[in-house]
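Quick notes on the structure that follows.
Heavy-atom basis, side chains included; hydrogens, waters and symmetry copies ignored.
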Amino acid sequence: MLQEKYNRRIFDEGTEQAIQTFSHLRSNVLSPVGITKGDNVLILNPDSVSLVEWLNQQATDVMIGMTNEYSSENDNIISLLPEIKKETIENIKTTFNIIISLGELVETPTVLKKMLSPEGRLVYALSQKDRLSGFTRKLLAEAGFNDILSYRVSPDYLYTTEIFSEDYKGGGAGDYLLIAR
């Protein structure tokens, strides 16, 4: 279990970076996506080893899509995931039924749509403080995504403990999870 695998390391290092990189809570934000065996997943510029390992346990095939900057600046994460396929985004030639971008707009929905299978889902988890969710919804609509599910995740997308439909009045503040088809 991932929790036991990394708890000692988090405790020994005692840093915020260790928590972000190794916490088993990082996968909570993706629970509404319903990732299962049979899924072919692309995760863009991940900042969490435990999240990628969780995806690898859930899906049949997982690939890390990287920008050039990410591949040169995140050797610590890349080296801890030797069994996961990695490729720069511009060199990816296959399609996926789930593409995940957490925390930032790594690439536009129009570009990512070309990498999605016909019934594929594009998933963004975005910080509300960066006010990216409204902008991302507009980009998704412009790219032809007609079915966009929105969730509020609390306290944030990094360490989600509660997930609410966007129209739930008691949901309060939180970050956004967008799932587009």
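Between Ser48 atom OG and His24 atom NE2 the span is 11.5 Å, to the nearest 0.5 Å. Once rounded to the nearest 0.5 Å, the distance linking CZ of Phe22 with CD1 of Ile10 reads 7.5 Å. Asp61 CG to Ile98 CD1: the interatomic distance, rounded to the nearest 0.5 Å, is 12.0 Å. Going from atom OG1 of Thr108 over to atom NZ of Lys114 covers 8.0 Å, rounded to the nearest 0.5 Å. Expressed to the nearest 0.5 Å, how far CZ of Phe145 lies from CG of Leu178 amounts to 11.5 Å. For the atom pair CG (Leu126) and CG (Asp175), the distance works out to 8.0 Å, reported to the nearest 0.5 Å.
Using a 4.5 Å heavy-atom threshold, the side chains of Trp54 and Leu30 count as touching. Between Met66 and Asn45, some side-chain heavy-atom pair lies under the 4.5 Å cut-off. Considering only heavy atoms from C-beta on, Leu81 comes within 4.5 Å of Glu53 through its side chain. Using a 4.5 Å heavy-atom threshold, the side chains of Pro32 and Leu149 count as separate. In this structure, Glu90 and Asn68 have side chains that are in contact, with non-hydrogen atoms separated by less than 4.5 Å. Looking at Leu105 and Phe135, their side chains come closer than 4.5 Å, going by heavy atoms from C-beta outward.
No more than 12 heavy-atom neighbours from other residues, nucleotides or ligands sit within 6.0 angstrom of NZ on Lys138. Shown here is Glu16, whose CD atom has no more than 12 heavy atoms of other residues, nucleotides or ligands within 6.0 Å. Counting heavy-atom neighbours within 6.0 Å of Lys37 NZ, excluding the residue itself, gives a total above 12.
Of the possible donor and acceptor atoms, none in the side chain of Asp156 sits under 3.5 Å from a partner among the backbone N and O of Ser127. For Asn97 (side chain) and Asn40 (main-chain N/O), a donor-acceptor pair under 3.5 Å exists by modelled atom type.
Between Gly103 and Leu132, the closest heavy-atom pair is O-CD1, 4.5 Å. Of all the heavy atoms in Ile148 and Ala141, the pair that sits closest is CD1-N, 4.4 Å. Closest heavy-atom contact between Tyr124 and Glu107: OH-O, 3.4 Å. Listed here is the closest heavy atom pair of Ala125 and Val29: CB-CG2, 4.1 Å. Here the closest heavy-atom approach between residue Pro46 and residue Ile77 is recorded as O-CD1, 3.8 Å. When all heavy atoms of Thr110 and Ala143 are compared, the closest pair comes out as OG1-CB, 3.6 Å.
Under the side chain to side chain contact (heavy atoms under 4.5 Å, CB included) rule, Leu42 has a single partner from Ile100, Val62, Ile92, Ile89, which is Ile92. Of the residues Thr21, Thr160, Asp47, the one that meets the side-chain hydrogen bond (donor to acceptor under 3.5 Å, both in side chains) test with Arg26 is Asp47.
Looking only at atom types and distance, the side chain of Asp39 has no donor-acceptor partner in the side chain of Gln58 under 3.5 Å away.
Geometrically, Arg152 engages Tyr176 in a cation-pi contact, judged by NZ or CZ lying under 6.0 Å from the ring centre and within 45° of the ring axis.
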